[in-house]
Asker: 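One structure is given below, represented as C-alpha cells, and several questions about it will come after.
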Protein chains: 2
Amino acid sequence: MFFDDRKKRILSAIVETYIRTGEPVGSKTLSEFPEISVSPATVRNEMAALFEMGLLEQPHTSAGRVPSHLGYRAYIDSLMRVRPLTADEKDGIDALFNIGDPDPDKLLADSAEALAEYTGCATVAMTTTPSYVTVEHIDIVPADATTVVLLVIASNGVVKSKVCRLGFRVNTGIADFFRKFANDRFCGHTLKEITAEFMNSVSIQLGEYSGVFNPLIVGIYELCKEVYDGQYYLGGREKLLTYNEYSDRALEIMKLISKRDEIGPVIGNNPSGVTVFIGKENSLSQLSGSSLLVARFSIGENDCGTIGLIGPVRMDYSRLIPHLEYFAEKLGALLSITYQRKTGDENG
Amino acid sequence: MFFDDRKKRILSAIVETYIRTGEPVGSKTLSEFPEISVSPATVRNEMAALFEMGLLEQPHTSAGRVPSHLGYRAYIDSLMRVRPLTADEKDGIDALFNIGDPDPDKLLADSAEALAEYTGCATVAMTTTPSYVTVEHIDIVPADATTVVLLVIASNGVVKSKVCRLGFRVNTGIADFFRKFANDRFCGHTLKEITAEFMNSVSIQLGEYSGVFNPLIVGIYELCKEVYDGQYYLGGREKLLTYNEYSDRALEIMKLISKRDEIGPVIGNNPSGVTVFIGKENSLSQLSGSSLLVARFSIGENDCGTIGLIGPVRMDYSRLIPHLEYFAEKLGALLSITYQRKTGDENG
DNA sequence: CTTTAGCACTCATATCTTTCGAGTGCCAAC
DNA sequence: GTTGGCACTCGAAAGATATGAGTGCTAAAG
C-alpha cells in the first residue's frame with residue numbers, strides 16, 4: 001500500500017475541496033475530478049487506504065472525509081502547487097503599503113491591519129531587538145521652560161523620543177550637564193543591560209541631584225525598554241468571527257493572541273521564510289483548531305521581526321503562503337529604506 | 001390612568017429584573033417583590049396600563065414584558081436610584097490608573113482598555129482639540145549625522161515629536177536656519193489653519209531649498225495634524241461577544257465602532273456629565289440594539305475629550321453611569337497633572 | 001490484481017407533531 | 001380597587017419520521 005500518485009492526487013483534491021467548501025468530501029464528488037476520473041468505489045478504496053495511513057479523518061461513518069493534521073502537513077510539504085504571484089497580485093500587496101504613514105513606528109501597526117484586511121485572517125506583527133544592540137546616543141532638548149524631550153538612539157538605528165515634564169525650570173546648563181552625564185553612563189551599554197537595577201546604580205551616582213533628575217532617568221529607562229522590547233501589534237482579530245469554526249471559540253482566541261507573553265515566544269523563534277503550524281502542531285493547546293503562518297522579515301541583512309497569520313486550520317495555504325512571503329519581503333524592504341543609514345557592520 | 005407610584009415601582013422592577021436576567025418579566029415574579037406585594041392579577045392590570053403608555057413591550061402574547069425604549073428612558077431619567085460609589089469602588093477605579101504608563105499618549109489608550117475590562121463593555125476614547133489652539137513652538141534637534149527630531153509644541157500644552165531621516169548631513173547651522181524659518185512661519189497660527197495648502201505656500205517660500213527641506217515640512221504638517229486630530233482609541237471590542245444579544249451582530253458593531261468618522265461625531269458633541277443613548281435613540285441605525293454612555297472629561301477648565309461605553313441596551317445603567325462619571329473625572333484629573341503647566345488663561 | 005456496480009447500512013439533518021408550561025386577558029366575586 | 005379563577009396563546013423542548021449523502025463490503029468484470 002504505497003502513497004502512490006493517485007493517492008496523492010486524491011489527497012490534494014480532498015484538501016483543496018475541503019478548504020474551499022468546508023464540507024467533508026465524498027467519493028462521488030472526487031470521482032468527477034478530471035485528474036482522478038475513476039469510479040466512486042475506487043476512490044473509496046483509496047480513501048480507506050489514506051485513512052489507514054492517518055492522512056484522513058471521518059467526522060462520522062456516513063460523512064465524507066476530511067484531512068487530518070498529517071494530511072494537511074503532507075499537502076503543504078509536498079503536494080501543494082504554489083503558484084507564483086501574478087504581477088497584479090504583487091501590485092495589490094505593494095498598494096497596501098502606499099496608504100500608511102511612512103513613520104516606522106506606525107508602519108508595522110498599519111501593516112498588520114492591512115495584511116488582516118487582505119487575507120481575512122487575524123495578524124500579529126512584532127519586532128525583536130538583538131541583544132547586542134547598544135545605546136549610541138542620548139539627547140535632552142529643552143522644549144519650553146519646564147518641558148524637555150528625551151531622545152535615545154540605539155545602534156540599530158532606532159530612535160525613540162519622549163516628552164518629559166519636569167517640576168523645575170531647565171536651562172541649557174542643566175541640559176548640558178545631564179546630557180553629558182547620561183551619555184557617559186549609558187552609551188556603549190547594550191539595551192539588555194539597562195535594567196531597573198542598573199538605573200538604580202546610575203541614580204545613586206547623581207548623589208543629591210538624583211531626586212530632581214529622577215523623571216529623566218525613568219524616562220531613559222522607559223525609552224530603552226521600549227526599543228529593546230520592540231513592537232507588538234495585532235490586526236483584524238474580528239476577522240475570526242467570519243469563520244464558523246470560531247463560532248464559540250472566537251473570544252478565547254482573540255484574548256489569547258492579545259497576550260504577547262503567550263504568542264511572542266511561539267512566533268518569535270522561527271527560521272526565515274514562511275513557517276506553518278497546523279492545528280495541533282501549535283504548542284499552545286488553545287490554538288489546536290487554528291493554523292499559524294509565520295514569516296520573518298529583515299532590515300538589510302539583519303533579521304528583525306515576524307509577521308504572522310492566524311486563521312482556521314481550513315485556510316487557503318496555497319494562496320496565503322506565497323502572499324505572506326511576499327508581504328514580509330516587501331515590509332522588510334520598506335523598513336530598510338527607513339533605516340538605511342545603518343547596516344550590519346556598524347553593530348557590535 | 002396616571003403614572004402613579006405603584007406603576008413606577010413596577011416599571012423599575014421590570015427594568016432591573018430584565019437587565020439582570022435577560023428574560024421577559026412576568027406578573028407572578030413581580031408580585032413577589034416586597035415593594036410591590038399585590039396579586040399577579042393586579043400587576044397584570046398595571047402592566048397593561050404601562051403597555052398602553054408605551055413603556056413596555058411584549059415579545060409575544062404569552063411572554064412576560066420587556067421595557068421599551070421609552071421605558072428605559074423613564075427609568076434612567078427619573079426612576080433609577082443612583083447609588084453613590086463606595087470608597088472601595090472608587091479605589092478600584094483609581095487602581096486602574098496606577099498600572100499604566102503616565103505618558104499622556106498612552107494614558108488614553110490604556111484607559112480605554114482598562115475601562116472595558118472594568119465594565120465589560122466596548123469603549124471608545126477620544127480627544128478633541130479646540131480650534132483656537134495655536135502652534136507655540138517648533139524645534140528641530142539633530143540626533144545624528146542625517147537624523148533629526150522634529151518637535152511641535154501647541155498652545156494647549158501638547159508636545160509631539162517625530163524622528164525624520166534626511167538624505168543629507170545636518171549641521172547646527174542648517175538646524176538653526178530651519179528652526180527660525182519654521183517658527184517665523186508657523187508660530188501663532190492655529191492648528192486648524194495648518195492645511196496642505198498652507199504647507200504648499202510655506203514650501204514655496206523656501207525657494208530653491210524647498211526640495212531639500214520637504215521631509216521636514218511634511219513632518220511638521222503631520223505633527224500639527226496629529227495634535228489637531230487628537231486621539232481615538234478603542235478598548236475591549238471583543239467584550240461584545242460575551243452578550244448573546246450580539247451573537248450575530250458582533251462583527252458589524254465591531255467594524256462600525258472602529259470607524260472614527262462614524263462614531264466620532266456621535267460621541268463628540270455632548271454636554272458635560274454622562275449622556276445616555278438608548279437603542280433606537282442612536283443616530284446610527286446599526287446601533288439600534290446597543291446603548292451608548294458618553295462622558296466628557298476635561299483638563300483643568302478645558303473640555304478636552306470624551307470616553308464612551310458601548311454595550312447591549314440591557315446594560316446595568318444604575319451601576320455604569322456613576323462609575324463612568326467617576327472614571328472620566330479621574331481621567332481628566334490625571335491628564336491635568338500631566339498638562340498642569342498650562343491653564344486656560346494662556347490660551348488664545 | 002485492479003476496477004467497478006450493486007446493495008444494505010449508518011447517521012446527521014430537516015421537518016413535522018406533540019407536549020408542556022409560563023404567562024396573558026378577561027370576568028366575576030370580594 | 002383588588003383578587004381568584006379559567007380559558008387561551010404561543011414559544012421551547014422532546015419525540016417521531018423521513019431524507020439522503022456517504023460508507024463498507026461483496027462479487028463480477030476487465
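Computed from heavy atoms alone, side chains included, the values below leave out hydrogens, waters and symmetry copies. Naming convention: chains lettered A, B, ... in sequence-line order (proteins, then strands); numbering from 1 in each chain.
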Asker: Within less than 4.0 Å of OP1 or OP2 of C/dT4, is there a side-chain N or O belonging to A/S39?
Answerer: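 Answer is yes, contact under 4.0 Å.
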
Asker: Regarding A/Y75 and A/E16, is there a side-chain donor-to-acceptor distance under 3.5 Å anywhere?
Answerer: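 Yes, A/E16 and A/Y75 have a side-chain donor paired with an acceptor closer than 3.5 Å.
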
Asker: Please report the distance, rounded to the nearest Å, between CD in B/E46 and P in C/dC26.
Answerer: 15 Å

Asker: Quick one: label A/T61 by what it contacts on the DNA or RNA (base, sugar-phosphate, nothing), any heavy atom closer than 4.0 Å.
Answerer: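 The answer is sugar-phosphate, as A/T61 gets under 4.0 Å only of primed atoms, P, OP1 or OP2.
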
Asker: Are B/R65 and C/dA22 close enough that a side-chain N or O sits under 4.0 Å from OP1 or OP2?
Answerer: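 No, because none of the side-chain N or O atoms of B/R65 sits under 4.0 Å from OP1 or OP2 of C/dA22.
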
Asker: Would you say the side chains of A/R237 and A/S258 form a donor-acceptor pair under 3.5 Å?
Answerer: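 A donor-acceptor contact under 3.5 Å links the two side chains.
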
Asker: For DNA chain C, whose closest nucleotide is more 5', that of B/G64 or that of B/A41?
Answerer: B/G64

Asker: Could you go through B/S291 and B/Y72, starting from their C-alpha distance and side-chain angles, then the distance that decides it, and tell me whether this counts as side-chain hydrogen bond (donor to acceptor under 3.5 Å, both in side chains)?
Answerer: CA-CA 11 Å; B/S291 281; B/Y72 281 113; over 6 Å; no

Asker: Is there a side-chain hydrogen bond (donor to acceptor under 3.5 Å, both in side chains) between A/Y233 and A/T123 once you walk through the steps?
Answerer: CA-CA 8 Å; A/Y233 297 112; A/T123 59; over 6 Å; no

Asker: Answer yes or no: does a side-chain N or O of B/R44 lie under 4.0 Å from OP1 or OP2 of C/dA22?
Answerer: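 Checking C/dA22 against B/R44, no side-chain N or O comes under 4.0 Å of OP1 or OP2.
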
Asker: Report the residue (B/R6 or B/H60) whose heavy-atom-nearest nucleotide on DNA chain D is the more 5′ of the two.
Answerer: B/R6

Asker: Identify, between B/P59 and A/Q58, the residue whose nearest nucleotide on DNA chain D lies closer to the 5' end.
Answerer: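 Between the two, 5'-proximity favours B/P59.
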
